[in-house]
Number of protein chains: 2
Amino acid sequence: MSKGVYIIGAGEAKYGELWDRSLRDIAVEAGLKAVEDAGIRTRDLGAIYMSNSLGGDISRQEHLSALMSDQAGVSSEYIPSMRIEASTASGGAAIREGYLAIRSGEYDTVMVGGAEKMTELYGNENIDITSSILDREWEAFEGGTPAALAALSARKYLKDFNVSKDVLAKLSVNDHLNASLNENAHFRNKITIQQALNATLIAEPLNLMDCAPLSDGASSIILASEEYVKKHSIDGVKILSSAMSQGPFALHSRECLYTVEPTKLAARKALKDANLKNSDMSFVEIHDSYNIYGLMALEDLGFAEKGKAKDLIEEGIALNDRLPVNPSGGLKAKGFPYGATGVGQAVEAYLQLKGKANKRQVKDAKNAMIHNMAGSGVASVVHILGVE
Amino acid sequence: MSKGVYIIGAGEAKYGELWDRSLRDIAVEAGLKAVEDAGIRTRDLGAIYMSNSLGGDISRQEHLSALMSDQAGVSSEYIPSMRIEASTASGGAAIREGYLAIRSGEYDTVMVGGAEKMTELYGNENIDITSSILDREWEAFEGGTPAALAALSARKYLKDFNVSKDVLAKLSVNDHLNASLNENAHFRNKITIQQALNATLIAEPLNLMDCAPLSDGASSIILASEEYVKKHSIDGVKILSSAMSQGPFALHSRECLYTVEPTKLAARKALKDANLKNSDMSFVEIHDSYNIYGLMALEDLGFAEKGKAKDLIEEGIALNDRLPVNPSGGLKAKGFPYGATGVGQAVEAYLQLKGKANKRQVKDAKNAMIHNMAGSGVASVVHILGVE
């Protein structure tokens, strides 16, 4: 690829239940931290892509991109911005737009931010709003919720491959362990397999520890062109490839309840474009909004055959194992602020590949795959990042 | 510009109060009509960009891009898509993303669609939801509504430049006249100056005929690369330039109540990049969500000095005058389906420049400027289109 695109800075507002902070506060915090980290000035930005999924539903605030730019004090620079929305894959989609915009030659640098304020939801309203990412008429109106759909996939997967719930639990335990080392994570507590297995039931067979939380949070990265990093002698993290794929929306339209075809296609294309293999990845950040989706992703991304992710998990997915999974803490424990999630994965990959991940540093990290998925699997975005 | 991008097809679902049709129905209708018009197959599409502003607020349906792809039967092609949102400028922003994506070399063809279902709003809920495009905390919570903000600009403009309301009324009369020739328009009835002046007051000094309606509607265009149109000998309409600018969000943060700096900056850049002057434009489509915004736009876009748009309007803005304004019928009469609006302007420009606008054809149309604005002017997108 001749026209390289690099991540040159990253910033984050802590994920969690941020009752005293507004959507604009956290979006601005992450954005300005990323600008500072990149060592640029806001006026140097060519454009701002802002990922957000539910701002309209929850806060009755659309056009978050403009609000965030304004609050960050960059409105006097008249920098164009827009919001990118692809449900829970909004973050990955926004990175992709920033990447393509730089490759088009239009901008030298862009900010890609993601922010979501989930905690103002409560009660039935909660389910109604989070179900906005499903097919409203064909799924949500019939009682489908994100958790119910994940439970369908889990039930069928566990039965077909004779997999015990321990395997799912291990993914959550791993997420919590890594998040205990991430000061921006929503949950810093470690959990045991027994705690994971004995939590309150949500949608059988999934319990509370199988489901990612509703988190507030914001993440931001700065992208720059190859010319820009060369000119300014910046040591960035290269985006080796970007791929997105989208299939049938409603779960009932898919051929298989536990294969996400868009994940398979996006991963295959991303690996091909980067000219790399799964075994070249130093770690992977997967979209485990439910741990069953994490399990499925490990297979669809090519790290294990279908039905065999349990073997990979038994071998070990911790920071010092062959394939560390979710060093950030993942969606289960770092947190799941819908539209910010995908950008947060890029923040983690940037820190790891720059060797700045402190206590959760993956040793000699060279290449990483990050995987952001929409809803129950209607779309997936895969990016491969690397350092020389 | 070496890497040309062309519009090669356009389609539209009629704008109006479509009580018997859903958001997905109209989005799909416009999209498939555009594909048919372009003479391509859906599987040829590299990506789908879908513009929508209020789907989450109104219909509790996010991720419209995926829904639309699925309903159009293209999910089996696994074509990536995402929603672009920049308030009422979502359509212009989506065109810009399609344009940049093609210039990046990633795709040969993309669909840019826009759809909005506004009519399920009613009562106070209406104002609450349409105010989602304002600064919720600083404007909407204090009682600001889109109409109230437009009224502030109108009052100050009319006073400062000693302009009578007749001038505003003439813009609405012109829109209705042109829309009477557009079978996809929301309002096909002609109105007189007296009718325009005597309508029910909405927010003084603006009455019902000064305000664009809440319309349902969907528009779609197909973009293709220069290589693609040459290879297939397609006679497209060239996107000569694309520019976007964004400034302070809340109206009270701006230096002037009747100057939209983002419109000025975007127009200046678009003209420069296209190497054209205002006088080269065969017609212009302006974002007149309120006719005062139309008046301001004519000035900010460079067709008249500040305070002098009245002279231009007195000279005549009809289809056979020197500068036809809104041959489509504009936002006032063709209609104002928030996120579809900007794409609809491109549909009109495409039809006009291809000589396919039937009874409302602007004679010898060569170049056109289309102007899509967000809310009360936080952002503007300007495209210049042309045929050889």
Side-chain angles (χ1 to χ4, degrees), chain A residues 3 22 24 47 53-57 59-63 65-67 69-71 75-76 78-87 90 93 96-97 100-106 128-129 131-133 135-137 140 243-250 253 261-262 265-266 374-375 378-379 381, chain B residues 3 22 24 47 53-57 59-63 65-67 69-71 75-76 78-87 90 93 96-97 100-106 128-129 131-133 135-137 140 243-250 253 261-262 265-266 374-375 378-379 381:
Chain A
K3 296 177 291 182
S22 72
R24 71 180 78 197
S53 173
L54 296 175
D57 307 70
S59 312
R60 282 284 153 79
Q61 180 66 67
E62 297 286 349
H63 211 187
S65 52
L67 188 71
S69 310
D70 191 38
Q71 295 293 303
S75 62
S76 57
Y78 294 96
I79 297 164
S81 86
M82 63 188 72
R83 169 181 163 220
I84 305 294
E85 192 261 317
S87 160
S90 298
R96 181 164 170 77
E97 287 309 286
L100 293 180
I102 286 183
R103 290 192 66 198
S104 78
E106 184 78 2
D128 189 44
I129 286 182
S131 297
S132 297
I133 64 165
D135 186 318
R136 172 64 56 183
E137 292 177 36
M244 183 175 190
S245 174
Q246 181 185 288
F249 201 146
S253 305
E261 202 64 30
L265 293 171
V378 50
V381 191
Chain B
K3 297 177 291 182
S22 72
R24 73 180 77 197
S53 173
L54 296 175
D57 307 70
S59 311
R60 282 284 153 81
Q61 180 66 65
E62 297 287 348
H63 211 185
S65 53
L67 188 71
S69 309
D70 191 38
Q71 295 293 304
S75 62
S76 56
Y78 294 96
I79 298 164
S81 86
M82 64 188 73
R83 170 181 164 219
I84 304 294
E85 192 261 316
S87 160
S90 298
R96 181 164 171 75
E97 287 309 286
L100 293 180
I102 287 183
R103 290 192 66 201
S104 78
E106 185 78 2
D128 188 43
I129 286 183
S131 298
S132 296
I133 64 165
D135 186 318
R136 172 64 56 185
E137 292 178 34
M244 183 176 189
S245 173
Q246 181 186 286
F249 201 146
S253 305
E261 201 65 28
L265 293 171
V378 49
V381 191

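Just so we're on the same page: letters track the sequence lines, and every chain starts at 1.
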Peer 1: Hey, is the main chain of B/Arg60 close enough, under 3.5 Å, to the side chain of A/Arg136 for a donor-acceptor pair?
Peer 2: yes
Peer 1: Only pairs of heavy atoms separated by less than 4.5 Å count here; which of B/Ser75, B/Ala374, B/Gly55 has the most with chain A?
Peer 2: B/Ser75
Peer 1: With only heavy atoms counted, which part of A/Gln71 is less than 4.5 Å from chain B, the side chain, the backbone, both or neither?
Peer 2: side chain
Peer 1: Less than 4.5 Å to any heavy atom of chain A: does that hold for the side chain of B/Ser245, its backbone, both, or neither?
Peer 2: both
Peer 1: Do you know the tightest heavy-atom contact between B/Ala66 and A/Phe249?
Peer 2: C-CD1, 3.7 Å
Peer 1: Is A/Ser87 close to chain B through its backbone or its side chain, or both, or neither, when contacts mean heavy atoms under 4.5 Å?
Peer 2: both
Peer 1: Is A/Ser59 close to chain B through its backbone or its side chain, or both, or neither, when contacts mean heavy atoms under 4.5 Å?
Peer 2: backbone
Peer 1: Under a 4.5 Å cutoff for heavy-atom pairs, which residue among B/Glu97, B/Glu137, B/Glu261, B/Glu85 has the most contacts with chain A?
Peer 2: B/Glu85
Peer 1: Would A/Gln61 and B/Ser132 count as having a side-chain donor-acceptor pair, cut-off 3.5 Å?
Peer 2: no
Peer 1: I'd like to know which of A/Ser81, A/Ala93, A/Ala101 tops the heavy-atom pair count under 4.5 Å against chain B.
Peer 2: A/Ser81
Peer 1: In terms of heavy-atom proximity below 4.5 Å to chain B, should A/Ala250 be classed as side chain, backbone, both, or neither?
Peer 2: backbone
Peer 1: When heavy-atom pairs shorter than 4.5 Å are enumerated against chain A, which of B/Ile79, B/Val378, B/Ile102 gives the highest number?
Peer 2: B/Ile79
Peer 1: Show, in sequence, the C-alpha distance, side-chain angles and deciding distance for B/Asp57 and A/Asp57, and conclude whether the side chain to side chain contact (heavy atoms under 4.5 Å, CB included) test is met.
Peer 2: CA-CA 5 Å; B/Asp57 307 70; A/Asp57 307 70; 5.6 Å; no
Peer 1: Assess whether side chain to side chain contact (heavy atoms under 4.5 Å, CB included) is satisfied between B/Leu100 and A/Leu100, documenting all intermediate values.
Peer 2: CA-CA 7 Å; B/Leu100 293 180; A/Leu100 293 180; over 6 Å; no
Peer 1: Output, in order, the C-alpha distance, side-chain angles, deciding distance and verdict of side chain to side chain donor-acceptor pair (under 3.5 Å) for B/Ser69 and A/Gln246.
Peer 2: CA-CA 9 Å; B/Ser69 309; A/Gln246 181 185 288; 3.1 Å; yes
Peer 1: Under 4.5 Å between any side-chain heavy atoms of B/Arg103 and A/Arg103, yes or no?
Peer 2: no
Peer 1: Who wins among B/Ser253, B/Gly247, B/Ala379 for the most heavy-atom pairs under 4.5 Å with chain A?
Peer 2: B/Gly247
Peer 1: Can any side-chain N or O of A/Glu62 pair as donor or acceptor with the backbone N or O of B/Leu54 at less than 3.5 Å?
Peer 2: no
Peer 1: What residue in A/Ser104, A/Ala266, A/Ser65 has the most heavy-atom pairs under 4.5 Å with chain B?
Peer 2: A/Ser104
Peer 1: Using 0.5 Å steps for rounding, measure from the NE2 atom of B/His63 to the CD1 atom of A/Ile133.
Peer 2: 9.0 Å
Peer 1: Please determine if B/Arg96 and A/Glu106 form a salt bridge, counting it only when a charged side-chain N lies under 4.0 Å from a carboxylate O.
Peer 2: yes
Peer 1: Say you draw a straight line from CD1 of A/Ile84 to CE of B/Met82; how long is it, rounded to the nearest 0.5 Å?
Peer 2: 6.0 Å
Peer 1: Which residues satisfy the side chain to side chain contact (heavy atoms under 4.5 Å, CB included) test with B/Val381, sequence neighbours excluded?
Peer 2: B/Ala89, B/Met244, B/His383
Peer 1: For chain A, which candidate among B/Gly56, B/Gly105, B/Ala47 shows the most heavy-atom pairs at distances under 4.5 Å?
Peer 2: B/Gly56
